[in-house]
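Just below is one structure, and these are the notes that go with it.
Values below: all heavy atoms of this structure, side chains included; hydrogens, waters and symmetry mates excluded. Residue numbers start from 1 in every chain, and the chains themselves are labelled A, B, ... in the order their sequence lines are given, proteins ahead of strands. What you see is a predicted model; the values in this text were computed from it and never measured.
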Amino acid sequence: MSLIIELTCLSILISLLAGFSSTYTSISRSGFLVVTISHAILASLAVLFYIAYIFNIYVTPILTWTIMLITALPVCAFVSHVRLFSERDLILSIIFALMLSIAALFMAILPGFMISRMWSFLTGSILLVSPMDMTFIFIICLICSTLYTLFYREFLLVSYDYEYALATSIPAGAINYLLSILISISTLACVYVLGLFVTYAVMLIPGAVLVNARVRPSLSIFLNILIIFITLMISIMLAFKYNIPPSGLCGVMISILAGLAIFLKFLMKRFKKTQT
Amino acid sequence: MVIIAVEELKVSIGGRIVISEATFAIREPSLVVVIGPNGAGKTTLLKTLIGLIRPVRGCIRIFDSIVKPGSKYPKSVRKLIGYMPQRDVINYAAPLTAREIIVSGLIENISVPRILLPRDSNDMVLQIAQRLGIESILDKFFDELSGGQQQKVLLARALIKDPKILILDEPLSNVDEISRVEILELLRDLVRRDGKTVMLVTHDVEIAMNWSDYVLLVNNGRAVLYSSKMVEDVDKFLRHYPEKDRKIIPSRSPYCA
């Protein structure tokens, strides 16, 4: 029973983080940032595990979280200074390719028992999250959700009209940086719990679909949190019943839901066209 | 009284000098039309005036505040200026309504945290929308609006904080003739009745001739202010840039002393 409560709490925390981030990621066109940060984390963890193996160090959760933060923050600090989307995406794609290569390189030379630990960052380990990790995720969720809420108007402004924001007396540059940091930290927590692949699904798809359907940002945040929470809970229940990885199920469900939503929109558009 | 003064201003972007010498002063509320060929540096000049680009040399004076190379652009000055950027810098991915965009112009007037809007914000939006004739489109999404309507929404956002100076970058592009006259009448009204100073960039020589109090001609990296009554043929100015008519305002003036 306590495991179910624990998993429900974890799902709420992850839904909050991913729900907020998904909307802001879509509006600020930071999808590439999410992909790059998650691969940078993978590369840094691969290097960390290799060093730990060579020097026989025990990799504690604190060390893991610290390394993930140290990797993520410089990347978003660097790219938040680039104003042009095309330039930013180019820089991110270079970092992404470099980090993926480093990850592949180090994962190839890691011993088998460590590969399985690395694998959990790809596929997720929602059922194996320790109390220490829960505490970290709770703190991250509290900080991120509070800041996402408090700076709602500022984040929207820098996302849709950065030039105008710079011309006002609000610190637009700092707010843009803060948004990148919050998206990166949320990505980090999602990768830790849900794994790399599902992080894309929860952090990119629901927000993008809702923004595409012209749902207003505040409602989009609420709907994202709800959708991610429900799919996570259903995935966990099915995982218990059929012994399948919950993260994978969650990713599949969100992708199918998104596909259905887009198909529905297409049908409605066709229907409206035939009506006129 | 000096509203905007620029003295021996030099601006470069990425090592390329865009404005090599600009000196002018606006001393009374006026409608100033900034005109010049493409790539002449009109937008750069406006962005320098609002502090988005730092000058290399010279100075800018806005009322009593002076901005020099290396000095920080004062926040108090930003609150006095309403800015309308070109429409193409806006990220259309954000599903925001016209109302939400206009309200975002109030962001500076809201105390931190800015999550809660002032109680009278709806009235303020409605008032400004009525003045621009866009009250019926307030709840439509920005990307669903026509080019002219989008321009009016952005103008409303610049106006809502009641600035003393309005700096508008091509506010009349993609605007139909009727709306164009409406906007120009409103701008002239803002100058005459409300005592605001409006600087707008346009490519339309006719607007410069018929609507402006001053024409700020930007060409070959230089910017010179003319009284519009003295400009008979702006086309001729753009082509020949006659030396004899240059510098109505003396270049060595004590604006930034």
Heavy atoms only: give me the nearest [X]-[Y] pair and the separation to one decimal.
{"X": "B/Pro95", "Y": "A/Pro217", "value": "O-CD, 3.6 Å"}
{"X": "B/Leu52", "Y": "A/Ala167", "value": "CD2-N, 3.7 Å"}
{"X": "A/Arg214", "Y": "B/Phe141", "value": "O-CZ, 2.9 Å"}

Do [X] and [Y] come close enough that some side-chain heavy atom pair is under 4.5 Å?
{"X": "B/Val77", "Y": "A/Ser169", "result": "no"}
{"X": "B/Gln86", "Y": "A/Glu163", "result": "no"}
{"X": "B/Ile101", "Y": "A/Tyr160", "result": "yes"}

Check this for me: [X], atom [atom1], are more than 12 non-hydrogen atoms of other residues, nucleotides or ligands nearer than 6.0 Å?
{"X": "B/Asp64", "atom1": "CG", "value": "no"}
{"X": "A/Phe222", "atom1": "CZ", "value": "no"}
{"X": "B/Glu144", "atom1": "CD", "value": "yes"}
{"X": "B/Lys79", "atom1": "NZ", "value": "no"}

From CG (B/Leu96) to CG (A/Leu156), nearest 0.5 Å:
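Interatomic distance, B/Leu96 CG to A/Leu156 CG, rounded to 0.5 Å: 5.5 Å.
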Distance in Å, A/Leu166 CG paired with B/Arg78 CZ, rounded so as to fall on 0.5 Å steps:
7.5 Å
Backbone N or O of A/Ile27 within a donor-acceptor pair of the B/Asn91 side chain at under 3.5 Å?
yes
Can you say whether B/Tyr83 sits under 4.5 Å from chain A via the side chain, the backbone, both, or neither, judging by heavy atoms?
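It is both, since atoms from each part get that close.
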Segment of B/Phe142 engaging chain A (4.5 angstrom heavy-atom cut-off)
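When you check distances to chain A, no heavy atom of B/Phe142 falls under 4.5 Å.
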Flag the pair B/Glu100 and A/Arg216 as a salt bridge only when some basic side-chain nitrogen lies within less than 4.0 angstrom of an acidic carboxylate oxygen.
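Yes, this pair counts.
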Answer key: most heavy-atom pairs under 4.5 Å with chain A among B/Asp143, B/Ile81, B/Ile167, B/Ile50 is B/Asp143
B/Glu108 and A/Thr168 side chains, donor-acceptor separation under 3.5 Å
no
